[in-house]
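Structure first, commentary second.
All of these numbers come straight from a predicted model, not from anything done at the bench. We name chains A, B, ... by the order of the sequence lines, and we start the count at 1 in each one.
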Number of protein chains: 2
Amino acid sequence: MKTMRDFLKVTKALSDKTRVRIFKMLQQKKMCVCEVQAVLGMAQSTSSKHLKILEDAGLITSVKDGLWVNYQLEQHSHNPHAGPIISYLCSVLDDDPEVKVDAKKADRANRLELCSK
Amino acid sequence: MKTMRDFLKVTKALSDKTRVRIFKMLQQKKMCVCEVQAVLGMAQSTSSKHLKILEDAGLITSVKDGLWVNYQLEQHSHNPHAGPIISYLCSVLDDDPEVKVDAKKADRANRLELCSK
DNA sequence: TTCATATATCGTATATTAACGATATAGTAT
DNA sequence: ATACTATATCGTTAATATACGATATATGAA
């Protein structure tokens, strides 16, 4: 059942530039919160909050790995609107300047170097 | 060129329930501001503002007809992200309770009866 | 011209959102 | 158990968005 509520969850989640940037990072590779934080250059609490909003919308999912939490794009979302929008967003914005810079930073991001500092 | 800015214009425009309702109304038929206002049950200034936001995002377009302004879904949007999202939104939410009620009201709405009151 | 009307814009109050630092929680290691 | 660390949540402030009424603009009629 594709509800208005679920549709608005997706559009609200993707109506913020920071969250679109996170989505495009995660399209490239799975990342933990501290890696996302490092690429964004924002506070840990802020990064965690954005990830939660994307997860609640069914756009990304998290997998615990010990002390870390790996976030990745959702493949089997509970939100029926997520799939089509995920497909679309994956197909665009790769040439956006900020997205490209983020992609480079994400590529180099290493949780072992980033954490415990 | 599909920019981040244009993408965010579309997602922001569709991150508000009132504007999704307006979009689904216009999918059914062209409407003037006073007809949209009557279906929404909101102030004229509010209705006009929402229509402007949807138009700025390239999701709808307006055609002047004397004193009236007819709004309709955009077919040849300047915003390259609009087309795909328009197609998707047209294909969903027809069974939403509020959208259905709006559709009935829109069907009955008559600018000649609504205006000059 | 003047009057009437449909829409757009302005000004403002309220509500929502995003950011931060501080703290709490949960898992690892010793 | 204690100590350490990655993440989540809390509390607050600043920015943004939504709603309204009032006013301005633009078109049509007399």
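The residue among B:Asn70 and A:Asp65 whose nearest nucleotide of DNA chain C lies closer to the 5′ end is B:Asn70.
Taking only side-chain nitrogens and oxygens, B:Tyr71 comes nearer than 4.0 Å to OP1 or OP2 of C:dA8. Residue B:Ser48 places no side-chain N or O under 4.0 Å from the OP1 or OP2 atom of C:dT7. Taking side-chain N and O atoms only, A:Lys64 has no distance below 4.0 Å to OP1 or OP2 of C:dA26.
In this structure, the NZ atom of B:Lys49 is 13 Å from the P atom of C:dA8, given to the nearest Å. Here the C1' atom of nucleotide C:dT16 and the NZ atom of A:Lys12 are 9 Å apart, to the nearest Å. Rounded to an integer number of Å, the gap from CE of B:Met42 to P of C:dA15 is 15 Å. In this structure, A:His50 places its NE2 atom 14 Å from P of D:dA8, rounding to the nearest Å. Between A:Leu67 atom CG and C:dT30 atom P there is a gap of 13 Å when expressed in whole angstrom units. In this entry the distance linking CD1 of B:Ile22 with C1' of D:dT18 reads 12 Å, nearest Å. With rounding to whole Å, B:Arg111 atom CZ is found 14 Å from D:dT27 atom C1'. In this structure, the NZ atom of A:Lys17 is 15 Å from the C1' atom of D:dA15, given to the nearest Å.
You'll find that the side chain of B:Thr46 is closest to D:dA19, out of C:dA8, D:dA19, D:dT7. The side chain of A:Ile53 lies closest to C:dA18 when the candidates are D:dT9, C:dA18, C:dA19.
Here the straight-line distance linking atom CZ of A:Phe7 with atom CG of A:Asn79 works out to 10.0 Å at 0.5 Å rounding.
Classification of B:Lys24 and B:Asp94 as a salt-bridged pair holds, one side-chain N sitting under 4.0 Å from a carboxylate O. A salt bridge does not link A:Asp6 with A:Lys2: every distance from a Lys NZ or Arg NE/NH1/NH2 to an Asp or Glu carboxylate oxygen is 4.0 Å or more. Under a 4.0 Å N-O distance rule, the pair B:Lys9/B:Asp56 does not qualify as a salt bridge.
Between the side chain of B:Gln44 and the base of C:dA8 there is at least one donor-acceptor pair of N/O atoms closer than 3.5 Å.
With hydrogens and angles left out, the side-chain atoms of A:Ser62 and A:Glu55 include a donor and acceptor closer than 3.5 Å.
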